[in-house]
Amino acid sequence: MLLLVWLGAETALAVTYRAAIDDSRWELESSRFSCRLSQAVPAYGRALFEREAGEDVRFSLRAVEQVHASAQALLVAEAPPWRPGAAPQMIATLKVDAASGDIDVASNYARQMLAFLYRGLVPTFTRTDWQGTAEALRVGVSAANFGSAYQDYSGCVAGLLPVNYRQVARTAVLFPPATHVLSDSARARLDLIALYVKHDDSVQSVYVDGHSDNLGRRLLNRDLSKKRAEAVTEYLKSKGMDESMITMRFHGERYPVVPNNSAANRDRNRRVTIRLERE
């Protein structure tokens, strides 16, 4: 009831931006790396759902020009004009970027927005004190023509890679003491790296660096770090990675990531790092 009273008070005097039914168009940009579903909000800016490989969906509302209004926005799913009577559904209260007026919506709320749009409701952002006046600013994301666009978006999401570049560009594979045998978890991680490189033509180089802790003789540690780097290199090659892309190096105990002063730290130093470099 409080939500209904608040909305009634705020919308009685409000400037509203929302695409009309005939102007409501959803655009999908799709690849194995990301799915971007967006809608132009006439005279205001653009609403964008983005799902990157390996991550959850996010939403952003971008204004063409900075909009002066309150620093908070109430996000509510409302009935469209052609479906009067449906009760509004509260989603969240959000912060507005002070410099740009842009609004970013976290994944849990973005998922709710998609669900409400699919049901035909209109996620609407309401801010008070528009341009220093008593009016409210309302920006709605139209649900018109959303159903077919959402089906295409879902198909894009199903085809995304399981990881993105940031998630595999820097990877460390760890080893038990005195061994260079890859564990099941290490193989699974290397599988993801090889799969990503297979699909991203911009990755030109892969650096594989072997390391050890400081237990034992230095020359033996250097040899062990070489065997670890070789094990990773051979596994990546077995998964189809071009050998010419790979630069293999080994360093023994010379470059610890943490001091070798405890068992836990030595566990972290027994590693092979894999680094991807794009053009």
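Shown here for Leu117 and Pro123, the closest heavy-atom pair between the two residues is CD2-CD, 3.4 Å. Nearest heavy-atom pair, Ser24 versus Ala19, reported as atom, atom and distance to 0.1 Å: CA-CB, 4.0 Å. Of all heavy-atom pairs between Gly252 and Ser225, the closest is N-OG, 2.9 Å.
Between Asp104 and Arg62 there is a salt bridge, since a side-chain N of the basic residue sits under 4.0 Å from a carboxylate O of the acidic one. At a threshold of 4.0 Å, the pair Asp209-Arg275 does not count as salt-bridged, since none of the basic side-chain nitrogens sits closer than that to a carboxylate oxygen. Ion pair Glu78/Arg18 not flagged as a salt bridge, since none of the NZ, NE, NH1 or NH2 atoms sits closer than 4.0 Å to an Asp/Glu carboxylate oxygen.
Following chains of ILVMFWY side-chain contacts shorter than 4.5 Å, one can reach Tyr118 starting from Phe59, so the two form part of one hydrophobic cluster. Both Val197 and Ile246 are part of a single hydrophobic cluster, where members link through side-chain heavy atoms under 4.5 Å apart. Linking ILVMFWY side-chain heavy atoms closer than 4.5 Å, directly or via other members, places Val206 and Tyr165 in a single hydrophobic cluster.
The side-chain heavy atoms of Val173 and Ile274, taken from C-beta on, include a pair separated by under 4.5 Å. Residues Arg228 and Ser212 have side chains in contact (heavy-atom distance under 4.5 Å, counting atoms from C-beta outward). When side chains are defined from C-beta on, Val76 does not count as touching Thr126, because their heavy atoms never get closer than 4.5 Å. Asp102 places none of its side-chain heavy atoms less than 4.5 Å from the side chain of Ser60. When side chains are defined from C-beta on, Leu94 counts as touching Tyr109, because their heavy atoms get closer than 4.5 Å. Side chains of Arg25 and Asn145 form no contact here, defined as non-hydrogen atoms less than 4.5 Å apart.
Every salt bridge (Lys or Arg N to Asp or Glu O under 4.0 Å) that Asp223 has, sequence neighbours left out, goes to Lys227. Applying the salt bridge (Lys or Arg N to Asp or Glu O under 4.0 Å) criterion to Arg268, with sequence neighbours excluded, gives no partner residue. The side chain to side chain contact (heavy atoms under 4.5 Å, CB included) check on Val96 picks up Ala73, Ile103, Arg127, with sequence neighbours excluded.
For residues 191-203, every residue pair satisfying the salt bridge (Lys or Arg N to Asp or Glu O under 4.0 Å) rule, not counting sequence neighbours, is listed here: Asp191-Lys239, Asp200-Arg278. For the salt bridge (Lys or Arg N to Asp or Glu O under 4.0 Å) condition, the pairs that include at least one residue of residues 161-180, sequence neighbours left out, are Glu52-Arg166, Glu55-Arg166, Arg170-Glu277.
With Asp213 as reference, Arg270 is the one residue of Arg266, Arg270, Arg271 to meet the side chain to side chain donor-acceptor pair (under 3.5 Å) rule. The side-chain contact (heavy atoms from CB on, under 4.5 Å) test with Val272 is passed by exactly one of Leu190, Val232, Thr233: Val232. The one candidate from Val57, Ile91, Leu121 that meets the side-chain contact (heavy atoms from CB on, under 4.5 Å) condition with Met113 is Ile91.
No donor-acceptor contact under 3.5 angstrom links the side chains of Thr124 and Arg138, judged on distance only.
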Show the numbers, then the answer: is there a side-chain contact (heavy atoms from CB on, under 4.5 Å) between Val122 and Phe116? CA-CA 7 Å; Val122 179; Phe116 284 126; over 6 Å; no
Before giving the answer on ring pair (Phe, Tyr, Trp, His ring centres under 6.0 Å), spell out for Phe33 and Tyr196 the whole-Å C-alpha distance, their side-chain angles and the decisive distance to 0.1 Å. CA-CA 9 Å; Phe33 309 108; Tyr196 182 86; 5.8 Å; yes
Would you please test Val141 and Gln39 for side-chain contact (heavy atoms from CB on, under 4.5 Å) and show each step? CA-CA 8 Å; Val141 183; Gln39 179 187 91; 3.9 Å; yes
Start with the C-alpha gap between Asn269 and Asn265, add the side-chain angles, then the distance that decides, and say whether side chain to side chain donor-acceptor pair (under 3.5 Å) holds. CA-CA 6 Å; Asn269 288 328; Asn265 282 4; over 6 Å; no
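Aromatic ring pairs are classed by plane angle as parallel below 30°, tilted from 30° to 60° and perpendicular above 60°; the pair Tyr44 and Tyr17 is tilted.
In the hydrophobic clustering (ILVMFWY side chains linked at under 4.5 Å, chained through shared members), Val257 is joined by Val258.
In this structure, Asn261 places its CG atom where more than 12 heavy-atom neighbours from other residues, nucleotides or ligands lie under 6.0 Å away. The local environment of CD in Gln204 is crowded, with over 12 non-hydrogen atoms from other residues, nucleotides or ligands closer than 6.0 Å. Around the CD atom of Gln131, the shell of radius 6.0 Å holds more than 12 heavy atoms that belong to other residues, nucleotides or ligands.
Between the side chain of Gln167 and the backbone N or O of Asn164, at least one donor-acceptor pair lies under 3.5 Å.
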